[in-house]
There are 2 protein chains.
Amino acid sequence: MTTITGDQALVKRINTSLILDTIRRHAPISRASVSELTGLNKATVSNLVQELLNNHLVQESGPGASSGGRKPRLLLFNGQAGYAIGLELRVQQMTAVLTDLAGRIVAEDECPLEQHDTDSVTAGMVAIVRRLMQLAPQSPHGIVGIGAGVPGMVDGSGTVLFAPNLGWEMVPLSQLLEEELGLPVTIDNEANAGAQGELRFGAGRDASHLLYISAGSGIGSGIIINGELYKGARGYAGESGHMTIESEGRSCSCGNRGCWELYASEKSYDNEEFALPSKRTSELISYARQGHEGTIRHFYKLGHYLGVGITNLVNGFNPQSVIIGGPLSDARAWLEDTMQQVVAQRTLPYHRERMEIRFAELGSRSTVIGAAYSAISQFLGPVRVSMPMN
Amino acid sequence: MTTITGDQALVKRINTSLILDTIRRHAPISRASVSELTGLNKATVSNLVQELLNNHLVQESGPGASSGGRKPRLLLFNGQAGYAIGLELRVQQMTAVLTDLAGRIVAEDECPLEQHDTDSVTAGMVAIVRRLMQLAPQSPHGIVGIGAGVPGMVDGSGTVLFAPNLGWEMVPLSQLLEEELGLPVTIDNEANAGAQGELRFGAGRDASHLLYISAGSGIGSGIIINGELYKGARGYAGESGHMTIESEGRSCSCGNRGCWELYASEKSYDNEEFALPSKRTSELISYARQGHEGTIRHFYKLGHYLGVGITNLVNGFNPQSVIIGGPLSDARAWLEDTMQQVVAQRTLPYHRERMEIRFAELGSRSTVIGAAYSAISQFLGPVRVSMPMN
DNA sequence: ACAACTTTGTTTAACCAATAGACAAAGTTG
DNA sequence: CAACTTTGTCTATTGGTTAAACAAAGTTGT
C-alpha cells in the first residue's frame with residue numbers, strides 16, 4: 001500500500017508547487033505578492049523562491065514600480081529551463097512538437113504513417129522524437145519528458161488498452177518508448193490530450209470545468225473537472241462517440257445502435273442517401289466553399305447532430321464551456337449555426353445560462369500541445385490537496 | 001484567496017485522518033499494523049491514536065492474539081462517539097434517520113408533505129430533526145451535523161438552485177436550517193446522496209467508480225469518481241434524466257426532446273397508448289404481481305429504455321458498477337431482464353467486461369443514509385492528497 | 001533637504017510534527 | 001529459563017513553517 005502520508009517533505013512540495021504555480025499565473029510578481037496570494041509567510045516564500053532560482057525554474061527580471069515603498073524584485077517563470085515533446089498519433093499521420101516549459105512551440109515535425117504494427121509505429125515515434133531533440137536549445141533541465149496522444153483507450157501505466165483504428169490491443173507504449181529513449185513518457189487519449197491543450201493554452205484558459213469534443217473519423221471527448229482531466233475507472237471515460245442518440249438507429253461497429261458518431265463525425269459520409277462528392281473533410285470543405293448544395297446540406301445536418309450530442313453531455317456534465325476541436329472543426333462555418341440552435345433549444349436553462357460553445361483555438365495542435373503539457377506537468381510535479389465536501 | 005497551504009497542522013490532519021480511516025476499515029487493529037498499513041512511524045501512530053482516544057473517536061478493545069511476541073492492544077472506531085441525522089425530501093413525503101458515526105441507523109421517522117412553500121418545508125424539517133435529536137443517546141460529541149438530500153440542483157454552499165418538483169429556485173436551505181438548528185447542515189442532490197449511501201454502506205462498498213441511478217418520478221444519477229462524489233461546475237452534474245435518447249422524440253418540459261426520463265421513469269405512465277390501470281408505481285407492482293399483461297409489458301418496455309440510457313452513461317463514464325435505486329427499483333422483477341439484455345447487447349466490450357449492474361442494497365434508505373454520511377464525513381474532516389498524472 | 005512613513009525582503013529564534021533508534025513491556029519457543 | 005519476537009513508548013534529532021525583528025530601499029509632506 002502506497003498511501004501518501006504527511007511529512008515535511010510533502011509540505012515543502014505542496015508549497016513549492018503552489019508558489020511556482022502562482023508565479024506562472026501572475027508573472028511578473030514580487031515575493032511579497034506571492035506571499036499574500038498564497039497565504040504563505042514571507043520567509044517561506046523567500047526560501048522556496050531561492051530554491052526555484054537555483055533550479056533555474058524561476059528568474060528575477062529586475063525591479064518593478066514602487067507603490068510607496070521599496071521597489072519589488074519581480075519574478076518570472078523561466079519557460080526556457082527545459083523542453084518537452086508532444087506527439088499525436090493519427091491513423092495516417094504522426095505529428096510532433098517541441099515546446100518549452102511554458103508550452104510555447106519551438107519546433108514542429110510530422111511524418112506519414114503507413115503501417116500500424118507496433119514496431120514500425122514506435123520506431124517512427126522514436127525517430128521523430130530524436131529529430132526534435134536535436135533542435136532543442138541548451139537548457140538546465142534539457143528534455144524533461146515526452147507526451148503522446150493516441151486514438152484509443154489508455155490506462156494509467158501508459159498502456160494502450162484498445163485502439164480500434166490502429167488495430168492495437170494492450171500495447172505497453174510508454175514502456176516501449178521509455179526503454180528506447182531513456183526519458184519519462186506519458187500516454188493519453190487523443191481527446192483527453194486535446195482537452196488539456198485547450199484548457200492550458202487555448203480556448204479554455206479561464207474554465208475549470210470543460211468539455212472538449214474532438215470530431216474527426218470518430219468522436220472523442222475529454223472532460224476537465226475542477227481543472228483536472230477526468231479519467232474513468234479503467235483509464236478512459238470519453239467514449240462519447242458511442243452514445244446512443246437514436247435508440248433504434250443504425251447499427252454501429254461497437255455493437256450499439258444509433259451511436260452519435262454515426263451521425264456527427266466523418267463516419268456520416270458513408271451514411272448519405274445522396275452521394276457526397278468526396279469522403280474527405282478537406283475536400284468537402286472546398287466543395288462547400290464553392291457552394292455545392294449537397295455538401296452544405298450535409299454539414300448542416302452534421303451540425304444538428306453535433307448539437308444533439310453536445311446537449312446530452314452538457315446536461316450531464318454541466319461544463320462552463322464546450323470546445324470543439326479535431327479535423328471537423330475546420331468546417332465551422334457550416335456547422336456552427338445549426339449546432340448552436342439545437343443546443344440553445346435543448347439544454348436545460350440552468351446549464352445554458354453560463355455556458356458557451358467555442359471552437360478550438362489551437363486548431364489542429366490542441367492534442368500535441370496537450371500531450372507536451374502532460375510531460376511538463378509530470379516534471380513540475382504538482383500536488384493537490386483537497387477537502388472534499390462529502 | 002483561500003488556497004490550502006502546507007504546514008504542520010495540515011500534516012497532522014492528513015495523518016490523523018489517514019489513521020482514523022485505517023482503523024475504521026480494518027478494526028480491530030493494533031497500532032503496529034496501522035503503522036505498517038499507512039507507512040507512518042510507530043511513534044507517530046501512537047501519538048495520534050492517543051489524541052483519538054482522548055477524543056473518544058477510537059477505543060481500545062483489549063489484547064489480541066500474539067503472533068510470537070507481545071500481544072497487540074486492539075483499536076476500534078467508536079461509532080457511538082456521536083450521531084448524525086439524514087433527511088430526504090421527496091415531493092409528497094419527508095423521511096429522516098438518526099445514525100451513529102458508523103452509519104448504523106438508530107431511529108427513523110417520516111412525515112407527509114403537503115405544502116411546498118419554503119417556510120412549511122423548513123419548519124417540517126426542523127420538527128423532524130428535533131424529534132430525532134431527542135432520541136439520540138448521550139455521547140461525547142452529540143449530534144455532529146445534519147445532511148439532507150433534495151430533488152434538485154444544489155450548489156456548494158447548500159443553496160437549492162432549482163428544484164422543479166418542489167417549485168423551488170434559489171432557496172438557501174442549509175443557511176435556513178443552520179440558523180434554526182445551530183448545527184452544521186450539508187445539502188446534496190437526492191441522487192448524489194443515494195450514490196454516497198450505496199458507496200459507503202450498500203451495494204457499492206468495493207467500488208471506487210460507480211454510477212447510481214435513481215429512478216422515480218424522474219431519473220437522477222450520482223457519479224462516484226475515485227471514491228468521491230463528482231459535482232459539476234455549478235454544483236450539480238447528474239441531470240441524466242434529460243439526456244436525449246430519441247433525437248426526434250416527445251417534447252419534454254425541460255425544452256429538449258426525447259429525454260430519457262420520458263421513457264424510463266414514472267413519467268412514462270402518461271405516455272402509453274394503452275391506458276395503464278394506475279399511475280402509481282406501488283399499485284402497478286401489485287397489478288404486475290397479479291399477472292396484468294399491459295402493466296407487465298409496460299415494465300418490460302421501461303426496462304428496455306432504462307438499459308438504453310444506462311448504456312450511454314456506461315460508455316461515457318466507464319464505471320465499475322451501476323446501482324439502480326429509487327422507487328422504481330421495487331419493480332426489479334420485471335425490469336431487470338430486458339434492461340440487462342439491452343446493456344449486454346449495446347455496451348462497448350471494454351466497458352462491459354468488468355462492470356456489473358446491481359440494485360440498491362439499502363432500498364429506499366440509500367438517500368437518507370447517504371445524506372447522514374455527508375454530515376459525518378464533514379465532521380470527521382477527511383483531507384485528501386493527490387498527485388494527478390497530468 | 002530631511003524626517004516620517006511604506007513596502008519589500010531577509011534574518012533570527014521558536015515551534016511543532018515526524019522520524020530513527022533505543023528501550024521497555026509483554027509475549028512465545030525450544 | 002534463556003533467547004527471541006512483537007508491541008508500544010520515549011528521546012534526541014531533523015527539517016519544515018512562522019512571527020517578529022530587522023535591514024534595505026523606496027516615497028511623501030513640509
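Here is the naming used below: chain letters follow the sequence lines, and residue numbers restart at 1 for every chain. Heavy-atom basis, side chains included; hydrogens, waters and symmetry copies ignored.
Spacing between atom CG of A:Leu53 and atom P of C:dG9 amounts to 12 Å, rounded to whole angstrom units. In this entry the distance linking CD of B:Gln8 with P of D:dA19 reads 13 Å, nearest Å. If you take CD1 of A:Ile19 and P of D:dG16, they are 13 Å apart, rounded to a whole angstrom. Across the protein-nucleic acid pair, B:Leu10 atom CG and C:dA17 atom C1' stand 12 Å apart, rounded to whole Å. A straight line from CZ of A:Arg31 to C1' of C:dT10 spans 10 Å, rounded to a whole angstrom. One can place CD1 of B:Ile29 at 11 Å from P of D:dT7, the figure rounded to the nearest angstrom. Taking atom CZ of A:Arg73 as the reference point, atom P of D:dA23 lies 17 Å away to the nearest angstrom. To the nearest angstrom, P of C:dG9 lies 8 Å from CG of A:Leu74.
To the nearest 0.5 Å, atom OG of residue A:Ser174 and atom CG of residue A:Leu181 are 11.5 Å apart. With rounding to the nearest 0.5 Å, the separation of CD1 in A:Ile14 from CD1 in A:Ile19 is 12.0 Å. Atom CG of residue B:Leu20 and atom CG of residue B:Leu57 lie 6.0 Å apart, to the nearest 0.5 angstrom.
Among the protein residues, B:Lys42 comes within range of the nucleic acid bases, having at least one heavy atom under 4.0 Å from a base atom. Among the heavy atoms of the strands lying under 4.0 Å from A:Thr44 is at least one base atom, whether or not backbone atoms are also near. Among the protein residues, B:Ala43 comes within range of the nucleic acid bases, having at least one heavy atom under 4.0 Å from a base atom.
A centroid separation of 6.0 Å or more is found between the aromatic rings of A:Tyr83 and A:His141.
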For this session: Would you sort out whether B:Arg31 and B:Glu60 count as a salt bridge (Lys or Arg N to Asp or Glu O under 4.0 Å), showing the intermediate values?
Result: CA-CA 10 Å; B:Arg31 290 165 179 74; B:Glu60 279 197 341; 2.7 Å; yes

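Side chains of B:Ile223 and B:Leu210 form no contact here, defined as non-hydrogen atoms less than 4.5 Å apart. The shortest distance between side-chain heavy atoms of B:Leu52 and B:Leu75 does not fall below 4.5 Å.
For D:dT7, the OP1/OP2 oxygens have no side-chain nitrogen or oxygen of B:Ser66 closer than 4.0 Å. Taking 4.0 angstrom as the limit, B:Arg13 places none of its side-chain polar atoms (N or O) nearer than this to OP1 or OP2 of C:dC16. In this structure, A:Lys12 reaches the D:dG16 phosphate: one of its side-chain N or O atoms is under 4.0 Å from OP1 or OP2. In this structure, A:Asn41 reaches the D:dA19 phosphate: one of its side-chain N or O atoms is under 4.0 Å from OP1 or OP2. Side-chain N/O atoms of B:Asn15 include one lying less than 4.0 angstrom from OP1 or OP2 on C:dA18. Taking 4.0 angstrom as the limit, A:Arg70 places none of its side-chain polar atoms (N or O) nearer than this to OP1 or OP2 of D:dA23.
Where A:Gly68 and A:Glu60 each meet DNA chain C at their nearest nucleotide, the meeting point lying more 5' is that of A:Gly68. Toward the 5' end of DNA chain D, the nearer of the two residues A:Ala9 and B:Ser46, judged by each one's closest nucleotide, is B:Ser46.
Under the 4.0 Å criterion applied to side-chain N and carboxylate O atoms, B:Lys12 and B:Glu51 are assigned as salt-bridge partners.
Where DNA chain C pairs in unbroken runs of 3 or more (Watson-Crick or G-U, both distances under 3.5 Å), the stems are C:1-30 with D:1-30.
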